[in-house]
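One structure is given below, encoded as structure tokens.
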Amino acid sequence: MTQLVVSVHDVAPATAEHTRRWCADTDALGIPASLLVIPGPWRGASLADEPGYAEVLRGRAVRGDELVMHGWSHQAGPEGSLLRRSVGRMVARGAAEFGALDEVEAADRLMSGRAVLRELGLAARGFTPPGWLASAATNRALRQAGFRYTTSHFGVHDLRTGRLWRGFALSHRPGATGERLGAALVKEWARWRANRGGLVRIALHPDDLDRPGLRDTTLRAIETVLAAGGRAMTYSDVVR
């Protein structure tokens with residue numbers, strides 16, 4: 001069986017309109033989405049500054065979407081070696097917030113994020129680190145905090161059992177060299193993976209909507225997986 005997870009990244013007050021547009025697309029396709037929520041300050045206001053937006057997120061959860069915690073501020077700091085910071089800048093464009101944290105630092109940010117969500121009546125069982133990059137200490141802190149799963153570039157990790165569901169995260173890099181080639185690869189990889197079975201992951205980012213053609217390419221990729229018999233679900237459904 002082919003499993004399809006469509007994730008909407010960088011969900012925050014600053015990107016409310018982008019998230020609304022992506023969710024309109026997933027609704028039109030009749031599929032759930034995993035919404036990756038940034039609880040801390042990012043591109044301006046934090047989630048706590050805009051409590052009204054929590055009502056929107058609660059509404060999405062009622063429709064069948066899942067809320068996933070997506071870091072705290074989505075911004076990498078000075079932690080870690082020069083090599084690790086360089087890799088984070090190259091892979092995650094400076095967003096690898098949890099890529100080099102120790103266990104105490106990671107736990108503190110996880111606690112802060114959960115506190116904001118809890119205050120707003122929201123809950124997240126899973127965690128996706130910004131840029132899909134997390135230190136080993138972060139994964140220990142996640143288990144200690146009681147998160148059920150986390151994700152990386154390469155799959156979904158059950159933090160209770162250690163099981164890994166393999167599936168590379170397909171996403172665009174808007175504005176980067178080779179953007180058009182990358183977009184074509186997203187569609188073809190999704191087609192190839194769907195015909196082989198297993199887990200297909202397609203990530204939607206707010207900035208994708210600002211680049212001509214990326215939205216259409218992504219929607220065609222999703223439709224290709226569904227046409228091949230893929231079953232759309234959330235990350236929690238995969239782990240469950």
Side-chain angles (χ1 to χ4, degrees), residues 1-11 22-23 25-26 29-37 64-71 87-88 91-93 95-96 98-99 124-136 138-139 142-143 147-174 176 181-206 208 214-215 217-240:
M1 180 183 72
T2 299
Q3 300 168 303
L4 169 66
V5 173
V6 175
S7 57
V8 179
H9 287 231
D10 308 340
V11 175
W22 277 130
C23 287
D25 286 328
T26 58
L29 290 167
I31 63 174
S34 291
L35 306 180
L36 277 53
V37 180
D65 291 344
E66 175 191 14
L67 305 184
V68 182
M69 190 164 148
H70 191 38
V87 170
V91 175
R93 299 187 177 188
F98 283 77
R125 301 172 67 233
F127 181 82
T128 290
W132 290 292
L133 297 175
S135 63
T138 291
N139 288 330
L142 285 166
R143 283 191 290 270
F147 281 87
R148 176 63 190 273
Y149 70 85
T150 186
T151 71
S152 69
H153 276 103
F154 303 103
V156 184
H157 305 253
D158 188 324
L159 292 166
R160 296 182 184 178
T161 67
R163 181 177 176 182
L164 169 66
W165 284 265
R166 297 186 183 278
F168 189 77
L170 301 175
S171 68
H172 299 294
R173 289 179 67 85
L181 175 60
L185 289 175
V186 165
K187 185 176 179 180
E188 291 308 312
W189 181 275
R191 184 195 309 277
W192 177 80
R193 186 73 259 181
N195 290 329
R196 292 175 61 89
L199 176 61
V200 180
R201 299 163 61 204
I202 298 179
L204 317 178
H205 287 82
D208 295 348
L214 292 189
R215 171 180 171 273
T217 297
T218 302
L219 295 179
R220 299 296 84 75
I222 294 171
E223 290 170 347
T224 295
V225 178
L226 294 174
R231 178 186 172 195
M233 59 184 64
T234 65
Y235 278 130
S236 281
D237 292 331
V238 172
V239 175
R240 186 164 50 236

Straight-line distance of L36 CG to L204 CG, nearest 0.5 Å | 10.0 Å
Roughly how far, to the nearest 0.5 Å, is NE2 of H172 from OG1 of T217?
-> 6.0 Å
Counting distance only, does the side-chain N/O of S135 pair as donor-acceptor with the main-chain N or O of G99 below 3.5 Å?
-> no
How close do T234 and P32 get, heavy atom to heavy atom, and via which atoms?
-> CG2-CB, 4.0 Å
Just by distance, do the side chain of S7 and the backbone of H9 share a donor-acceptor pair under 3.5 Å?
-> no
Heavy-atom closest pair (F98 atom, P129 atom, distance to 0.1 Å) is CB-CB, 4.4 Å
For the residue pair L199 and R193, what are the closest heavy atoms and their distance?
-> O-CG, 3.8 Å
4.5 Å side-chain heavy-atom contact, R231 and Q3 = no
For residues 219-228, run the donor-acceptor check on the side chains, cut-off 3.5 Å, and write out each pair with its distance to 0.1 Å, sequence neighbours left out.
residue, atom, partner, partner atom, Å
R220, NE, E223, OE1, 2.7
R220, NH2, E223, OE1, 3.4
R220, NH2, E223, OE2, 3.2
T224, OG1, R220, O, 2.9

Heavy-atom check, side chain of T150 versus side chain of T128, under 4.5 Å | no
Should V156 and V239 be marked as a side-chain contact (heavy atoms from CB on, under 4.5 Å) after you check the CA-CA gap, both sets of side-chain angles, and the distance that decides it?
-> CA-CA 8 Å; V156 184; V239 175; 3.8 Å; yes
Got a second to check how far Y149's OH is from L159's CG, nearest 0.5 Å?
-> 10.0 Å
How long is the span from the CD1 atom in I202 to the NZ atom in K187, to the nearest 0.5 Å?
-> 11.5 Å
Output yes when a side-chain donor or acceptor of R125 lies under 3.5 Å from a complementary backbone atom of R148, and no otherwise.
-> no
For the residue pair F154 and F168, categorise the inter-ring angle as parallel (less than 30°), tilted (30 to 60°) or perpendicular (more than 60°).
-> tilted
Test side-chain hydrogen bond (donor to acceptor under 3.5 Å, both in side chains) on H70 and D10 and set out the steps.
-> CA-CA 7 Å; H70 191 38; D10 308 340; 3.2 Å; yes
Measure from the side-chain N and O atoms of S34 to the backbone N and O of Y235, and report whether any donor-acceptor pair falls under 3.5 Å.
-> yes
So does R215 pair up with D208, basic N to acidic O under 4.0 Å?
-> no
Side chain of N195, backbone of W192: donor and acceptor closer than 3.5 Å?
-> no
F147 and M69: side-chain contact (heavy atoms from CB on, under 4.5 Å), yes or no, with the steps?
-> CA-CA 10 Å; F147 281 87; M69 190 164 148; 3.9 Å; yes
How far does CE of M233 sit from CZ of R240, to the nearest 0.5 angstrom?
-> 9.5 Å
Of all the heavy-atom pairs spanning T151 and W132, show the shortest one and how long it is.
-> OG1-CD1, 3.6 Å
What residue among V68, V8, V11 forms side-chain contact (heavy atoms from CB on, under 4.5 Å) with V37?
-> V11
So, W22 side chain and H205 main chain: donor-acceptor pair closer than 3.5 Å or not?
-> yes
Just by modelled atom types, is the A33 backbone N or O under 3.5 Å from a matching donor or acceptor in the D65 side chain?
-> yes
Can you check whether A194's main-chain N or O pairs, donor with acceptor, with T2's side chain at less than 3.5 Å?
-> yes
